[in-house]
Novice: 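There's a structure below that I have some questions on.
Numbers here simply count residues along the sequence, with the first being 1.
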Amino acid sequence: LFDMFNIRLVHGWTCDPDDQETYRIVAKKHGSYNKVVEAIVAGDMQKRTEKRVELETAVHEGHVCSHFLATTASQLSYHGLQAIFDTVRPGELCVLFRNNHFSTLFKHPQGGLFTLVTDQGFAKTKGVVWESMDRVDGNSEFYNGVFEPYGLYSDEAENQQMTPVAETDDHQAVADRDLALALSLQQEEEQQHADFLRQQENRQRQQAHLQQQQQQ
């Protein structure tokens with residue numbers, strides 16, 4: 001579908017080739033999320049084996065995979081972010097896949113990556129259109145439709161002299177509550193995704209344990 005409409009589909013969950021050991025194990029040897037989780041489970045299970053070589057290899061790979069998932073829980077790495085910035089052309093609209101969601105991604109002609117804000121928590125927040133994507137830790141900033149920082153050039157600021165102080169304060173309080181709610185919902189969604197990843201890992205571990213018991 002994306003190819004049909006000539007729309008680029010990108011993601012930023014990648015390993016840095018400079019981190020040779022992580023790149024070898026995660027990207028080259030396993031290559032997918034499911035196989036990475038299986039490697040983590042295998043590392044835990046191999047702790048019960050008497051074969052020292054298999055034990056050391058499995059435990060090491062499991063540790064490397066577990067560390068990679070823990071440090072990229074947002075499904076965006078610094079290497080992946082830089083790769084997106086280098087790949088996407090200035091002024092290009094494309095689709096970003098992150099945290100099991102598709103988002104509209106835009107690279108501003110003057111530089112900078114922005115995702116279209118579609119969170120329901122922002123539905124009543126006037127002026128919030130874009131969210132910057134220049135960090136992997138979620139500390140982003142919001143912008144209006146012409147990429148001005150949210151609140152800096154808002155309609156409320158322009159009409160401040162014509163609006164009674166009490167009314168302006170009330171309106172700003174509502175906007176602040178809406179923004180706080182949206183940020184809370186965003187954090188809740190990120191936490192739910194992290195919980196989902198942990199559940200997947202635990203399920204894989206339980207299945208491997210049952211298989212080992214059946215083999216015995």
Side-chain angles (χ1 to χ4, degrees), residues 1-19 22-23 26-27 30-34 36-37 68-155 175 178-197 200:
L1 181 60
F2 294 110
D3 291 338
M4 183 182 301
F5 291 97
N6 195 27
I7 298 175
R8 193 197 304 266
L9 175 64
V10 299
H11 74 91
W13 204 9
T14 63
C15 292
D16 188 348
D18 290 339
D19 185 355
T22 301
Y23 186 78
V26 175
H30 298 292
S32 70
Y33 170 75
N34 288 337
V36 166
V37 173
F68 174 75
L69 292 184
T71 55
T72 59
S74 64
Q75 292 192 2
L76 181 66
S77 64
Y78 284 107
H79 176 267
L81 180 60
Q82 185 62 49
I84 293 175
F85 185 85
D86 294 340
T87 302
V88 178
R89 298 182 299 272
E92 180 182 0
L93 275 172
C94 57
V95 176
L96 171 71
F97 184 74
R98 181 185 180 190
N99 289 339
N100 298 325
H101 292 287
F102 293 101
S103 302
T104 300
L105 178 69
F106 178 69
K107 184 175 182 180
H108 196 277
Q110 296 180 358
L113 296 172
F114 299 86
T115 56
L116 186 66
V117 176
T118 58
D119 195 304
Q120 187 176 2
F122 288 94
K124 297 181 180 180
T125 304
K126 184 178 180 180
V128 175
V129 180
W130 297 99
E131 180 179 3
S132 64
M133 195 180 80
D134 54 1
R135 301 173 64 92
V136 301
D137 56 7
N139 291 327
S140 55
E141 296 181 353
F142 296 97
Y143 293 78
N144 63 16
V146 291
F147 298 95
E148 296 168 337
Y150 170 69
L152 184 60
Y153 300 103
S154 62
D155 292 337
D178 289 341
L179 182 59
L181 175 61
L183 293 175
S184 176
L185 292 174
Q186 183 179 10
Q187 292 175 352
E188 181 179 349
E189 181 181 349
E190 292 177 352
Q191 182 61 45
Q192 289 176 349
H193 179 68
D195 293 340
F196 171 76
L197 294 180
Q200 288 286 92

Novice: Let's go through L116 and V129 carefully: what are the C-alpha distance in whole Å and the side-chain angles of both, what is the deciding distance for side chain to side chain contact (heavy atoms under 4.5 Å, CB included) to 0.1 Å, and is it a yes or a no?
Specialist: CA-CA 6 Å; L116 186 66; V129 180; 4.0 Å; yes
Novice: Write down the atom of C15, the atom of F68, and the distance for their closest heavy-atom approach.
Specialist: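 Heavy atoms of C15 and F68 come nearest at SG-CE1, 3.5 Å.
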Novice: Could you tell me the separation between the CG atom of N99 and the CH2 atom of W13, rounded to the nearest 0.5 Å?
Specialist: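 So the CG of N99 and the CH2 of W13 are separated by 8.5 Å.
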Novice: Do F142 and T125 have side chains that get closer than 4.5 Å, going by heavy atoms?
Specialist: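 With C-beta onward as the side chain, the pair stays apart.
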Novice: For atom CD of E141, is the number of surrounding heavy atoms from other residues, nucleotides or ligands below 6.0 Å larger than 12?
Specialist: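 12 or below, so no.
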Novice: Please report the shortest heavy-atom distance between R98 and S74, naming the atom on each side.
Specialist: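 Closest heavy-atom pair between R98 and S74: NE-O, 2.9 Å.
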Novice: Could you check F106, W130, F114 and say which one makes a ring pair (Phe, Tyr, Trp, His ring centres under 6.0 Å) with Y143?
Specialist: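 Exactly one option meets the ring pair (Phe, Tyr, Trp, His ring centres under 6.0 Å) with Y143, and it is F114.
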Novice: Going from CG on L76 to CG on L96, what distance comes out if it is rounded to the nearest 0.5 angstrom?
Specialist: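 It comes to 7.5 Å.
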Novice: Distance check, rounded to the nearest 0.5 Å: R135 atom CZ versus Y78 atom OH?
Specialist: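 Answer rounded to 0.5 Å: 6.0 Å.
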Novice: If only atom types and distance count, is the side chain of T72 paired as donor or acceptor with the main-chain N or O of S77 below 3.5 Å?
Specialist: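 Judged by distance alone, no pair lies under 3.5 Å.
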Novice: Got a second to check how far F97's CZ is from L9's CG, nearest 0.5 Å?
Specialist: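 If we round to the nearest 0.5 Å, F97:CZ and L9:CG are 8.5 Å apart.
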Novice: Applying side chain to side chain contact (heavy atoms under 4.5 Å, CB included), run through L93 and I7 and close with a yes or a no.
Specialist: CA-CA 8 Å; L93 275 172; I7 298 175; over 6 Å; no
Novice: As an exercise, state the distance from NZ of K107 to CZ of R8, rounded to the nearest 0.5 Å.
Specialist: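 Between atom NZ of K107 and atom CZ of R8 there are 9.5 Å.
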Novice: If you define the side chain from C-beta out and look only at heavy atoms, does anything of H79 sit under 4.5 Å from D18?
Specialist: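 No - every pair of side-chain heavy atoms lies 4.5 Å or more apart.
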Novice: Given side chain to side chain contact (heavy atoms under 4.5 Å, CB included), test Y33 with V37 step by step and report yes or no.
Specialist: CA-CA 6 Å; Y33 170 75; V37 173; 3.5 Å; yes
Novice: Run T22 and D16 through side chain to side chain contact (heavy atoms under 4.5 Å, CB included) and show every step you take.
Specialist: CA-CA 8 Å; T22 301; D16 188 348; over 6 Å; no
Novice: So, taking the atom named CD1 in I84 and the one named OG1 in T14, what distance separates them when rounded to the nearest 0.5 Å?
Specialist: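 Spacing of CD1 (I84) from OG1 (T14) equals 8.0 Å.
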Novice: Assess the side chains of E131 and S140: does a donor N or O sit below 3.5 Å from an acceptor N or O?
Specialist: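 Judged by distance alone, the side chains do pair up.
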Novice: Hey, are the side chains of L113 and L81 touching, using non-hydrogen atoms and a 4.5 Å cut-off?
Specialist: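 SC-SC contact between L113 and L81 confirmed.
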